[in-house]
J.: 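Input: one structure, supplied below.
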Amino acid sequence: MQEKSNFFEKVYAVAKLIPFGRVTSYGAIAKYLGTPKSARMVGWAMNSAHGKPEIPAHRVVNRIGLLSGKNNFASPTLMEDLLKSEGLTILEDQIQNFKSHYWDPTEELHLD
DNA sequence: GCAGTGACGGATA
DNA sequence: GTATCCGCCACTG
């Protein structure tokens, strides 16, 4: 099948590469795709990721580690619950020590 | 077909 | 340092 949006496919690919206990930001993925300004589209892509359980959308948060999309999950507490299960600390819908768990695809994947 | 909106982010005032 | 605007691409109304 022809992918209507290659952008989404890339987002999914990166999201699935996020290691356990790590998190990244929409902008980081967008940047990896070469369109750092399209961070919104990354979030939109994650919205489509609902039908793709292999995509850890809960590991994708905004730039400050805020669970901005938790409301979009099956349950608003599912996102933080999953993150907590990965050893992360969530306080007021925000990842504590987010920077330490931050996973940048442009660095970890060694952009070639 | 046009306009508005969206799980964001950076820039400008 | 805080507040507001614009831009990005895709989807819905």
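In what follows, every chain begins at residue 1, and chains take the letters A, B, ... in the order their sequences are listed. In this text, all values refer to a predicted model and were calculated from it rather than measured experimentally.
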J.: With no hydrogens and no angle check, is any side-chain donor or acceptor of R22(A) less than 3.5 Å from a backbone partner on H101(A)?
T.: no
J.: Looking across every strand, which nucleic acid part, if any, lies under 4.0 Å from S68(A) by heavy atom: base, sugar-phosphate, or nothing?
T.: sugar-phosphate
J.: What's the closest nucleotide to the A39(A) side chain, out of dA7(B), dG9(B), dC11(C)?
T.: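 So the side chain of A39(A) is nearest to dG9(B).
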J.: Any idea which of dA7(B), dA10(C), dC8(C) is nearest the F8(A) side chain?
T.: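 Taking heavy atoms from C-beta onward, the closest nucleotide is dA10(C).
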J.: Looking only at the side chains, is there a donor atom on one of E80(A) and H58(A) sitting less than 3.5 Å from an acceptor on the other?
T.: no
J.: Could you state the CD1-P distance from I64(A) to dG10(B), rounded to the nearest angstrom?
T.: 11 Å
J.: Between L33(A) (CG) and dC8(C) (P), how many Å, whole number?
T.: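 Computing the L33(A):CG to dC8(C):P distance gives 16 Å.
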J.: Provide, to the nearest angstrom, the distance between the CG atom belonging to N72(A) and the C1' atom belonging to dC8(B).
T.: 14 Å
J.: Quick check against the 3.5 Å criterion: does Y26(A) have a side-chain atom that pairs as donor or acceptor with the backbone of V60(A)?
T.: yes
J.: Rounded to the nearest angstrom, tell me the gap between atom CZ in F7(A) and atom P in dG7(C).
T.: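 F7(A) atom CZ is separated from dG7(C) atom P by 18 Å.
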J.: Check every strand shown and say whether H58(A) touches a base, only sugar-phosphate, or nothing at a heavy-atom separation below 4.0 Å.
T.: nothing
J.: Let me know the distance between OH of Y32(A) and P of dG9(B), rounded to the nearest Å.
T.: 19 Å
J.: Can you tell me how far C1' of dA10(C) sits from OH of Y12(A), to the nearest Å?
T.: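 Value for this atom pair: 11 Å.
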J.: Which atom pair, heavy atoms only, marks the closest approach of A57(A) to F73(A)?
T.: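 Scanning both residues, the minimum pair turns out to be C-CZ, 3.7 Å.
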J.: From dG9(B), dC8(C), dA7(B), pick the nucleotide closest to the side chain of A57(A)?
T.: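 Looking only at side-chain atoms, A57(A) lies closest to dA7(B).
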J.: Say you pick atom C1' in dA3(C) and the same atom in dA7(B); how far apart are they, in whole Å?
T.: 22 Å
J.: Could you tell me whether N47(A) contacts a base, only the sugar-phosphate backbone, or nothing, with contacts defined as non-hydrogen atoms closer than 4.0 Å?
T.: base
J.: Starting from P on dC8(B), measure out to NZ on K37(A) and report it in whole angstrom.
T.: 18 Å
J.: What's the CG-P distance between N62(A) and dA7(B), to the nearest Å?
T.: 12 Å
J.: How would you label the contact of R63(A) with the nucleic acid (heavy atoms, under 4.0 Å): base, sugar-phosphate, or nothing?
T.: sugar-phosphate
J.: Any side-chain donor paired with an acceptor under 3.5 Å for Y32(A) and T24(A)?
T.: no
